[in-house]
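To start, the structure itself, in structure tokens.
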There are 2 protein chains.
Amino acid sequence: MDAKQTHTGKESASCPMDFILRMLMGPWTTYILYNLKTHGPQRFGELKRRVAGISAKMLTERLRTLEGASLVRRDYEATIPPKVTYSLTQRGHELDDVLGKLAEIGMRWEAEDAALRAARAAELKAAE
Amino acid sequence: MDAKQTHTGKESASCPMDFILRMLMGPWTTYILYNLKTHGPQRFGELKRRVAGISAKMLTERLRTLEGASLVRRDYEATIPPKVTYSLTQRGHELDDVLGKLAEIGMRWEAEDAALRAARAAELKAAE
DNA sequence: TCCATGAGTTACGAATTGGTACCTACTGGT
DNA sequence: ACCAGTAGGTACCAATTCGTAACTCATGGA
């Protein structure tokens, strides 16, 4: 057994959600999935414009990875110029619920934190 | 606006789940949360032994991050030798459902893939 | 006396990552 | 003739990341 394994290795036998998280965790992945979900199937350039700031290289790489994981489908039309349309597969859509829940929790926490900060500020003001 | 921003920047205004995913995505994070969830509150060394392969440095860093995000509580007893016990906070437990769902999906996909491979193999054999 | 334990911290170093800039091929517009 | 757009691919480069090894402090045991 290789004692020296970077975290890239697949020592994940014990945790099935790890695989999915490794997938979702890519830097831009959530933006891409979010956009494909909310704006429907899109072409490369469209997606690139919407996921503001991403480089073509990253977008390509992420899309390839997502495609490899069967979360995204790539439809290539060999017209001139070529049209490449990306869309969520059924598997991609299976994540909708979970991602929705994560978004919900994220927003709730944000709101809670904001409320807490507001309460703190009010307390400070009252103490003066 | 800084055109040059690494992905570490907080350009995440548009995506509330991004924050959580960034949190969960740390290399060992899921193992840690999973262990804290299934084995209950644990001390540093215990956790380190269970999350096989993690270095003390990483574990510390991950735990600090999780603590900062209020997902994990750190109870320090200044005995000699010191006892530090980690446990999930309420927020940490709020992720149980989502993580559970992710694990479920992950396992389902794994099973589906395995079934698909088996079917392919059977087909190949039948074709001979 | 020396070692191990508990819970780390620090320094160093190699590998990965992700951005930038430049390249393709083809066509339509000016 | 030249530029822009489409969908990338490639080379290079700087920064970040993560692992390893060594150190801490205090005590109890062989």
Side-chain angles (χ1 to χ4, degrees), chain A residues 1-12 18 22-32 35-36 41-68 72-87, chain B residues 1-12 18 22-32 35-36 41-68 72-87:
Chain A
M1 216 180 291
D2 243 317
K4 161 166 285 189
Q5 58 187 5
T6 64
H7 72 288
T8 335
K10 31 183 64 88
E11 72 277 357
S12 51
D18 198 65
R22 278 191 205 288
M23 182 61 39
L24 297 178
M25 91 193 187
W28 301 93
T29 317
T30 54
Y31 298 99
I32 295 169
N35 268 292
L36 284 178
Q42 282 166 80
R43 298 178 47 190
F44 185 88
E46 228 174 323
L47 206 50
K48 178 156 159 34
R49 253 169 271 122
R50 257 199 266 262
V51 181
I54 197 173
S55 65
K57 177 189 167 192
M58 252 294 103
L59 184 52
T60 307
E61 191 257 331
R62 292 283 90 200
L63 286 170
R64 291 288 133 81
T65 305
L66 290 170
E67 198 195 349
V72 158
R73 180 181 27 241
R74 180 171 185 272
D75 293 304
Y76 180 81
E77 269 183 86
T79 58
I80 297 230
K83 266 189 195 183
V84 183
T85 308
Y86 292 95
S87 52
Chain B
M1 218 178 291
D2 245 315
K4 161 166 281 186
Q5 57 186 4
T6 64
H7 72 287
T8 336
K10 30 183 66 89
E11 72 277 359
S12 51
D18 199 66
R22 277 190 206 290
M23 182 60 40
L24 298 179
M25 92 193 187
W28 300 94
T29 316
T30 55
Y31 298 99
I32 296 169
N35 268 292
L36 284 177
Q42 282 165 81
R43 298 177 49 189
F44 185 88
E46 228 174 321
L47 206 49
K48 178 155 160 33
R49 253 169 273 122
R50 259 201 264 262
V51 181
I54 197 173
S55 65
K57 177 190 167 192
M58 252 293 102
L59 184 52
T60 308
E61 191 256 330
R62 293 282 89 200
L63 285 170
R64 291 288 134 79
T65 305
L66 290 170
E67 198 195 349
V72 159
R73 180 181 27 241
R74 179 171 186 272
D75 294 304
Y76 181 81
E77 269 184 86
T79 58
I80 298 233
K83 266 189 196 184
V84 184
T85 308
Y86 292 94
S87 52

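Letters A, B, ... mirror the listed sequences (proteins, then strands); counts begin at 1.
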Subject >> For Arg43(B), salt bridge (Lys or Arg N to Asp or Glu O under 4.0 Å) partners two or more places apart >> reply: none
To the nearest Å, how far apart are [X] [atom1] and [N] [atom2]?
X        : N       : atom1 : atom2 : answer
Glu77(B) : dG8(C)  : CD    : C1'   : 17 Å
Tyr31(B) : dC18(D) : OH    : P     : 14 Å
Ile80(B) : dG28(D) : CD1   : C1'   : 12 Å
Lys48(B) : dT5(C)  : NZ    : P     : 12 Å
Ile54(B) : dT20(D) : CD1   : P     : 11 Å
Arg22(A) : dC18(D) : CZ    : P     : 10 Å

**OP:** Please name all residues satisfying side chain to side chain donor-acceptor pair (under 3.5 Å) with Arg62(B), sequence neighbours left out, ordered by chain then number.
**Re:** Thr29(B)
**OP:** Mark up nucleotides 6-13 of chain D, 5' to 3', with B wherever a protein heavy atom is under 4.0 angstrom from a base atom, S wherever such an atom reaches only the sugar-phosphate, and - elsewhere.
**Re:** SSSS----
Subject >> Residue-phosphate contact under 4.0 Å: Trp28(A) side-chain N/O, dG19(C) OP1/OP2 >> reply: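 The answer is yes; a side-chain N or O of Trp28(A) sits under 4.0 Å from OP1 or OP2.
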Original post:
Can you tell me if Glu67(B) uses its side chain to pair, donor with acceptor, with the backbone of Arg74(B) under 3.5 Å?
Top reply: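 No.
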**OP:** Would you confirm whether Gln42(A), through its side chain, and Asn35(A), through its main-chain N or O, come within 3.5 Å as a donor-acceptor pair?
**Re:**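 Such a contact is found between Gln42(A) side chain and Asn35(A) backbone.
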Subject >> Residue pair Leu47(B) / Leu63(B), side-chain heavy-atom distance below 4.5 Å >> reply: yes
Original post:
Can a salt bridge be assigned to the pair Lys57(A) and Glu61(A) using a cut-off of 4.0 Å between side-chain N and carboxylate O?
Top reply: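 Salt bridge absent between Lys57(A) and Glu61(A).
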